[in-house]
Amino acid sequence: MRILLFSPRSILMNLCGAQGVRHALATLVVAVALFSTKPLLNAASPAQGCHQIQVVDSQTGRGVPLVELDTVDRIRYVTDSAGRIAFQEPGLMNQTVFFSVRSHGYELAPDGFGIVGTRVETKPGGKTIVKIKRVNIAERLYRTTGAGIYRDSVLVGESAPLAQPLLNAQVVGQDSVQSVLYRGRIYWFWGDTARLSYPLGNFRTSGATSLLPASGGLDPSSGINFQYFSNADGFSKGICPFEPPEGVVWIDGLLTVADDTGRERLITHFARLKGLGALLEHGLAIYNDDKEEFERHAAFKIEESWQCPRGPVFKHREKDCDYYYFCTPFPNVRVRAELKCMVNPCSYEAWTCLAEGSASDAAKAHLQRDSNGQLIYRWTTNAPPTGPVEERALIKSGLMKNEEAHFSPIDAVSGKTIRMHGGSVRWNPWRQRWILIAVQQDGTSFLGEVWYAEAKQPTGPWLKARKIVTHDRYTFYNPIHHAFLDQEEGRVIYFEGTYTKEFSGNPEATPRYDYNQVMYRLDLEDSRLFDAREK
């Protein structure tokens with residue numbers, strides 16, 4: 001079965017259609033007043049009335065986004081992408097106010113009573129710096145999508161790096177980012193997209209472009225300036241407007257390939273689904289540059305679940321042939337980098353230890369071994385791929401030993417096997433290794449712990465991993481490493497994922513951040529990663 005990449009909010013789409021309702025005049029007036037990037041008041045006016053609280057990383061001095069501060073009477077504030085809060089609470093100005101402080105992967109030392117927080121002398125126009133210790137190995141940088149990314153910074157009169165720091169294309173939430181380089185720009189795509197004016201938004205895939213940092217784009221440590229594909233009403237448009245309108249349309253497996261004329265084309269796998277898992281159709285689509293939309297190109301049979309592009313993609317040359325490898329989260333499916341091969345399910349190869357013609361079901365599976373009993377992994381078109389799910393089942397059935405697994409890394413600290421769910425693999429020139437950024441299933445949170453691992457070959461074996469991001473009862477799924485943003489020859493890498501309360505069991509959503517993308521930065525020379533290195 002194909003791994004689904006997006007969240008269950010798409011169920012709403014099947015009830016009311018893709019576009020929802022258009023703005024009422026009153027909604028538009030409120031939206032302009034609250035979210036216009038041109039403040040209605042003089043920039044100095046809000047700053048004079050607010051007390052600025054900025055939470056900074058004690059190691060780097062950089063503002064930390066997604067830090068929650070609560071007053072004693074449970075008034076909650078969440079820092080913006082610069083780590084700022086614009087505090088202006090009637091009755092609480094010119095007072096000593098205690099704030100409890102908490103943040104995923106960061107901590108503040110408790111006082112003698114075990115209470116974690118800080119006192120602030122609130123004054124209009126004042127400023128307080130709160131230093132917080134980073135426990136995560138990766139550094140949280142900013143939120144890339146949604147409204148109010150730099151809300152508090154604007155309110156206190158500070159500058160923001162984004163062209164649209166408050167609202168862009170009326171987007172307030174976006175699920176599961178994917179990216180690809182195409183014709184000199186970065187193309188970004190998301191799944192279900194929430195809109196400002198109504199609970200039902202865009203369920204036919206959203207898209208945007210941005211400039212590469214070397215071509216005028218922002219330094220990735222500062223942010224991403226998205227130029228959304230939008231409708232006439234300004235909201236992010238559905239770029240997969242396939243008929244019939246029933247169901248949601250999600251895409252994955254983004255790549256570029258030359259067509260018969262030699263022209264570079266942007267290709268994707270698409271799936272039209274009803275609800276969470278009823279697959280109505282899937283196939284390949286090609287991007288129409290003039291329409292700024294994907295169009296159907298080829299259809300696959302429903303049962304052809306792995307013989308198609310899927311998940312994050314990378315290109316790799318082997319034996320004088322270019323292949324595209326597909327990660328879910330490990331690269332165990334590939335196809336030649338030719339359009340004629342991509343439309344032919346028989347051209348897709350699986351990395352597997354299953355015997356030719358074997359089923360993937362552990363109860364019916366047969367493994368391929370040599371005369372010495374050694375397990376044989378190889379590329380073949382005649383057996384399904386072996387991934388972490390299949391390996392666990394084969395180990396449980398007794399057909400495979402733990403040490404024979406390729407996709408079941410252990411925690412370099414505890415020695416426990418890590419159950420990976422979704423992520424991406426990229427070649428890293430700094431480490432001269434393939435590196436994995438993936439989220440764990442059934443960790444401290446159900447889908448909230450992100451891990452780093454290395455291997456000499458993209459197919460592994462992936463032996464050890466190190467946790468780099470943690471979340472407390474919150475989900476952070478489908479992380480993806482954007483290798484085109486790497487800095488210092490790959491020493492510094494950037495990845496992001498979907499921050500949402502879905503699947504976490506947490507009844508409280510984080511305002512503005514929930515159901516949006518959050519960017520992290522990782523320095524591969526952090527000594528805490530050394531025990532996960534592949535020698």
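It should be emphasised that the depicted structure is a prediction, and the values quoted were computed from it without experimental measurement. Atoms considered below: every heavy atom in the structure, side chains included; atoms not considered: hydrogens, waters and symmetry mates.
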State whether a side-chain donor-acceptor pair under 3.5 Å links [X] with [Y].
| X | Y | answer |
| --- | --- | --- |
| Q487 | Y494 | yes |
| H471 | S445 | no |
| N202 | W190 | no |
| N288 | E293 | no |
| S176 | N478 | yes |
| E489 | W430 | no |
| H406 | E391 | no |
| D175 | Y477 | yes |
| S210 | W188 | yes |
| S81 | R143 | no |

Are [X] and [Y] within salt-bridge range, i.e. N to O under 4.0 Å?
| X | Y | value |
| --- | --- | --- |
| R336 | E349 | no |
| R433 | E534 | no |
| D259 | R265 | yes |
| E449 | R473 | no |
| R310 | D252 | no |
| R263 | D289 | yes |
| D322 | R317 | yes |

Among all residues two or more places apart in sequence or in another chain, which pass the ring pair (Phe, Tyr, Trp, His ring centres under 6.0 Å) test with [X]?
| X | answer |
| --- | --- |
| F242 | F270 |
| W434 | F314, H316, W427 |
| Y287 | Y187, F294 |

side-chain contact (heavy atoms from CB on, under 4.5 Å) involving S371 - partner list, sequence neighbours excluded
none
Excluding sequence neighbours, so at least two apart, what forms side-chain contact (heavy atoms from CB on, under 4.5 Å) with R369?
L367, L375, E404
Do [X] and [Y] have side chains that approach each other closer than 4.5 Å (heavy atoms only, starting at C-beta)?
| X | Y | answer |
| --- | --- | --- |
| V439 | P479 | yes |
| L211 | R185 | yes |
| H282 | R272 | no |
| C240 | T205 | yes |
| F189 | V177 | no |
| K464 | P409 | no |
| Q174 | Y515 | no |
| R392 | P388 | yes |

Kindly determine whether L254 and I267 satisfy side-chain contact (heavy atoms from CB on, under 4.5 Å), including the steps that lead there.
CA-CA 6 Å; L254 284 158; I267 309 293; over 6 Å; no
Just jot down the side-chain hydrogen bond (donor to acceptor under 3.5 Å, both in side chains) partners of [X], sequence neighbours excluded, or say none.
| X | answer |
| --- | --- |
| W351 | none |
| Y499 | H104, T510 |
| T145 | N516 |
| E390 | none |

Any idea which heavy atoms bring [X] and [Y] closest together, and the distance?
| X | Y | result |
| --- | --- | --- |
| Y325 | P458 | CE2-CG, 4.5 Å |
| S103 | I132 | CB-CD1, 4.3 Å |
| P384 | S358 | CD-O, 3.2 Å |
| L212 | L181 | CD2-CD2, 3.7 Å |
| W379 | T459 | CZ2-CG2, 3.6 Å |
| W306 | T380 | CH2-O, 4.5 Å |

Counting only heavy atoms from other residues, nucleotides and ligands, does the tally under 6.0 Å from CG of D260 exceed 12?
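Check fails, neighbour count at 12 or below.
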Distance (rounded to the nearest 0.5 Å) between Y323 OH and S347 OG
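If I round to the nearest 0.5 Å, the distance is 10.0 Å.
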From OG1 (T417) to CD1 (I410), nearest 0.5 Å
7.0 Å
Given the rule in the side-chain hydrogen bond (donor to acceptor under 3.5 Å, both in side chains) test, do R378 and Q368 qualify, once you have shown the distances and angles that lead to the verdict?
CA-CA 10 Å; R378 79 280 178 210; Q368 186 147 327; 3.1 Å; yes
S424/H481 under side-chain hydrogen bond (donor to acceptor under 3.5 Å, both in side chains): CA gap, chis, key distance, verdict:
CA-CA 6 Å; S424 61; H481 167 199; 5.2 Å; no
Say whether, by atom type as modelled, one donor and one acceptor occur between the side chain of [X] and the main chain of [Y] under 3.5 angstrom.
| X | Y | value |
| --- | --- | --- |
| D531 | V413 | no |
| Y106 | V67 | no |
| S408 | A405 | no |

Taking Q59 as the fixed residue, which of K133, R134, E139 is the one that meets the side-chain hydrogen bond (donor to acceptor under 3.5 Å, both in side chains) rule?
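Per the side-chain hydrogen bond (donor to acceptor under 3.5 Å, both in side chains) rule, the option paired with Q59 is R134, out of K133, R134, E139.
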Charged tip of R466 within 45° of Y452 ring normal and under 6.0 Å
no
side-chain contact (heavy atoms from CB on, under 4.5 Å) between L524 and I493, worked out:
CA-CA 8 Å; L524 300 190; I493 70 170; 4.2 Å; yes
Ring centroid separation for Y520 and F476, is it under 6.0 angstrom?
yes
Partners of E107 by salt bridge (charged side-chain N to carboxylate O under 4.0 Å, His left out), sequence neighbours excluded?
none
Apply salt bridge (charged side-chain N to carboxylate O under 4.0 Å, His left out) to R140 and list each qualifying residue two or more places apart in sequence or on a separate chain.
none
Applying salt bridge (Lys or Arg N to Asp or Glu O under 4.0 Å), which residue pairs with at least one partner in residues 405-431 are found, sequence neighbours left out?
R419-D442, R431-E454
